[in-house]
Amino acid sequence: MNLRRDVFQAIADPTRRSILMLVAAQSMTAGAIASNFDTARPTVSKHLQILTECELLRSEQNGREIIYHLNPNKMKEIADFIEPFRKMWDEKFNKLEEVMKAYQNKKNA
């Protein structure tokens, strides 16, 4: 059975989000990534496989090592999807802030 990996299911996992943060700062080998976690290396390899299948990471063979790089294009797709929700919540919080300021001004008057 060939299941298509969903990018949002991939980033729902906190370990995978941590891996993305690490690789965003610097491209790394699987071993270097695994050294940042208290889990078995095969577990980290499975996370890397999922992130690669979702195209959040790209892998590059460099001799005997595989180096993982962040795929900024795929990350931008996620950010573009989330942006309207961020704007909506920003507007709601700004309105709440206005209400709270008006309430404080009335209270202090």
Short side-chain to backbone donor-acceptor contact, Gln9 and Ile11, under 3.5 Å: no

Under 3.5 Å: donor-acceptor pair, side chain of Arg41, backbone of Ala34: no

Stepwise salt bridge (charged side-chain N to carboxylate O under 4.0 Å, His left out) test for Glu77 and Lys74: CA-CA 5 Å; Glu77 286 180 32; Lys74 196 64 166 186; 3.5 Å; yes

Pairs satisfying salt bridge (Lys or Arg N to Asp or Glu O under 4.0 Å), at least one member in residues 99-108, at least two apart: Glu97-Lys101

The single option from Asp13, Leu20, Thr52 passing side-chain contact (heavy atoms from CB on, under 4.5 Å) against His47: Asp13

Note, Thr43 side chain near Thr15 side chain (heavy atom, < 4.5 Å): no

Beyond-backbone contact of Leu70 with Met75, side-chain heavy atoms, under 4.5 angstrom: yes

With sequence neighbours excluded, residues passing side-chain hydrogen bond (donor to acceptor under 3.5 Å, both in side chains) with Glu91: none

Check: Met28 and Asn36 side chains under 4.5 Å, non-hydrogen atoms: yes

Crowding at CG, Asn108 (>12 non-hydrogen neighbours, <6.0 Å): yes

Distance in Å, Arg16 CZ paired with Cys54 SG, rounded so as to fall on 0.5 Å steps: 7.5 Å

Trp89 side, atom CH2; Asn94 side, atom CG - distance, nearest 0.5 Å: 13.0 Å

Verdict with supporting geometry, Phe37 and Leu22, side chain to side chain contact (heavy atoms under 4.5 Å, CB included): CA-CA 11 Å; Phe37 298 94; Leu22 282 170; 3.7 Å; yes

Transitive ILVMFWY side-chain link Ile67 to Leu48, under 4.5 Å: no

Min side-chain heavy-atom separation Leu56-Ile50 under 4.5 Å: no

same_hphob_cluster(Val7, Met21) at 4.5 Å side-chain heavy-atom cutoff: no

Side chain to side chain donor-acceptor pair (under 3.5 Å) partners of residues 62-72, not counting sequence neighbours, each pair once: Ser27-His69, Glu60-His69

Path from Val99 to Phe93 over hydrophobic side-chain contacts below 4.5 Å: no

Electrostatic pair Glu83-Arg86, nearest N-O below 4.0 angstrom: yes

Within one Ile-Leu-Val-Met-Phe-Trp-Tyr cluster: Phe8 and Phe85, side-chain cutoff 4.5 Å: yes

